[in-house]
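Okay, so here's the structure we're looking at.
Naming convention: chains lettered A, B, ... in sequence-line order (proteins, then strands); numbering from 1 in each chain.
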2 protein chains.
Amino acid sequence: MIILDESKKILSESQEDYLKQIYLLIEDPQGIVGTQALAERIGVAPASATAMLHKLRALGLVHYAEYRGVSLTESGRKVALELLRHHRLLESFLQTALGYGWEEVHDEAERLEHYISETFETRMALWLGEPEFDPHGDPIPNADLVFPVVRTETSLTKLGAGFEGQIVRVATQDRDELNLLSHLHLLPGRFVKIAESGSNGVRLNVLNVDTSRQGNHFLIPLSLAARIFLQEGQPS
Amino acid sequence: MIILDESKKILSESQEDYLKQIYLLIEDPQGIVGTQALAERIGVAPASATAMLHKLRALGLVHYAEYRGVSLTESGRKVALELLRHHRLLESFLQTALGYGWEEVHDEAERLEHYISETFETRMALWLGEPEFDPHGDPIPNADLVFPVVRTETSLTKLGAGFEGQIVRVATQDRDELNLLSHLHLLPGRFVKIAESGSNGVRLNVLNVDTSRQGNHFLIPLSLAARIFLQEGQPS
DNA sequence: CTTTAAACTTAGTCATGTATAAATAAAAGT
DNA sequence: ACTTTTATTTATACATGACTAAGTTTAAAG
Ligand SMILES: [Mn+2]
Ligand SMILES: [Mn+2]
Ligand SMILES: [Mn+2]
Ligand SMILES: [Mn+2]
């Protein structure tokens, strides 16, 4: 549905998802991703991915050399960022405006990101007050597809006991994990203090929750703690 | 995207649009519609419609006999109403919640109606306060797909000079017509008095608009007047 | 009735996105 | 280097939804 500047060409939901997944699979800005990993992520056979890569290359959306891997061209990257903006604005909007539960937003956004118009995008952003981060704490590219300035965020596993800071990102889409974190008040915005940090997990005190629930001593397993990011600071 | 109760089968956007247009083209509850009219409405060649009708019949969604025309089965009708509910809730929501212009809502709703979930539908309805009519004045089936009780509405062309009533429906999706009506304050909810009704059109006085614009004597052509519906009554 | 026109369906193609099976290239192991 | 394993591509096929051209049915006129 996203319309390319140049020829006003319209991409299919499939094509868009390939571009988005290529973007997300490439960590380093200069990296490439292989056919297998891509196919696996999209949920198709490797041969199907190869076929699609030929088409995307013909459209000028990817750099792709047979057997060597794939990366995005400038216009391919724009499509991916456009989608990312739609997705993250949608997650914010569904939660804030429509009262969606924390775990319900992802699937809906995954589908709708391909079908909302630029007008819809603009109006959501306006309604939300041009947010820079979504409910997970993930950065939202602005209308010109530029990311907000990065915050200094550090994974829970890299901080020691006694550290005080604010949760700024929770890098998981898993429903159960999100429900757990939601229950424990461990969502972006919360201020916490690390009570204990060991090899089997991390214990936190939530600082700005009513005193009756203060002594929050649940042990967060390392696998999850690694995906919770803090920024130093105290509640204002 | 709409999921059939029985086999959890998912319909394509195309299939859904066929069912919806069959529904809209059949005025009488017991009527049928021909291949040509249907094809024209969808924007495909008649042969393409024939092919699709075979598929929809195989899915148990339409009654269809070659050369004799098509109508909806009970489950086909449910899909059509489901879509209609999505469409009309979306139009209301885009306008009320997101500040869409009167003419912008239709195209967006036409696409999104196929991709929103039942959750999205439910939340929109809640946000809007379970509305029974959309911004055009068209009735919205409730969650059980039952229409609200019909209002007594009469086309402008069937009423004489001096009649006072409230606009309850504006049966057009045309952007220019909608813009015009919007400018003239002739939208559902307004109270008007018929100033003149002749063979070249109808002139209205808008009753509850500031006095400076009272003498609204624009001539509404009959073709448009026929699609404006009033209910008798005075402003409260 | 028979002829003609309109509506409709069938037959044969095409584009898109997927799949499996077989072939080939690249990487790893010895 | 040679061999084996793994990644990837090619060849072929299938489903969907569209098209055009040609044939068929039905309805309207004479
Ligand atoms: Mn998606
Ligand atoms: Mn956009
Ligand atoms: Mn539609
Ligand atoms: Mn629904």
When rounded to whole Å, the OH to P distance for the pair B/Tyr64 and D/dT25 reads 13 Å

Starting from P on C/dG17, measure out to CD1 on A/Ile10 and report it in whole angstrom. 13 Å

Mind listing the side-chain donor-acceptor pairs of residues 48-59 of chain A below 3.5 Å, one per line with the distance, residues two or more places apart or on another chain?
residue	atom	partner	partner atom	Å
A/Thr50	OG1	A/Pro46	O	3.2
A/His54	ND1	A/Thr50	O	3.3
A/His54	NE2	A/Glu66	OE2	3.2
A/Arg57	NH1	A/Tyr64	O	2.9
A/Arg57	NH1	A/Glu66	OE1	3.4
A/Arg57	NH2	A/Glu66	OE2	3.2

Taking the ring centre of each residue, are A/His183 and A/Trp102 less than 6.0 Å apart? no

Using the ring pair (Phe, Tyr, Trp, His ring centres under 6.0 Å) criterion, which residues pair with B/Tyr115? Sequence neighbours excluded. A/Tyr115

Is A/His54 close enough to D/dT10 that one of its side-chain N or O atoms is under 4.0 Å from OP1 or OP2 there? yes

Should the pair B/Asp107-B/Arg175 be classified as a salt bridge under the 4.0 Å nitrogen-to-oxygen rule? yes

Rounding to an integer number of Å, can you tell me how far B/Leu59 CG sits from D/dG17 P? 10 Å

So, is B/Arg68 close to the C/dT9 phosphate, meaning a side-chain N or O under 4.0 Å from OP1 or OP2? no

CG of B/Leu53 versus P of C/dT9: gap in Å, rounded? 7 Å

Rounded to whole Å, CZ of B/Arg41 lies from P of C/dA7 at a distance of 17 Å

Check whether any side-chain N or O of A/Thr50 sits under 4.0 Å from OP1 or OP2 of D/dT10, and answer yes or no. no

Atom pair distance, as rounded to whole Å: CG in B/Leu11 and P in D/dG17: 10 Å

Between P of D/dT16 and CD of B/Glu13, the distance in whole Å: 17 Å

Centroid-centroid under 6.0 Å between A/His87 and A/His106 rings: yes

Under 4.0 Å from OP1 or OP2 of C/dT9: is there any side-chain N or O of B/Thr35 that close? yes

Would you verify whether the NZ or CZ of B/Arg77 falls within 45 degrees of the ring axis of B/Tyr23 while also being under 6.0 Å from that six-membered ring's centre? no

For each nucleotide in nucleotides 18-24 of chain C, reading 5' to 3', give B when a protein heavy atom comes within less than 4.0 Å of its base, S when such contact involves only the sugar-phosphate, and - otherwise. BBBB--B

Working to the nearest 0.5 angstrom, can you tell me the gap between B/Ser71 OG and B/Ile26 CD1? 5.5 Å

Whole angstrom is fine here: how far is it from CG in A/Asp17 over to P in C/dT16? 18 Å

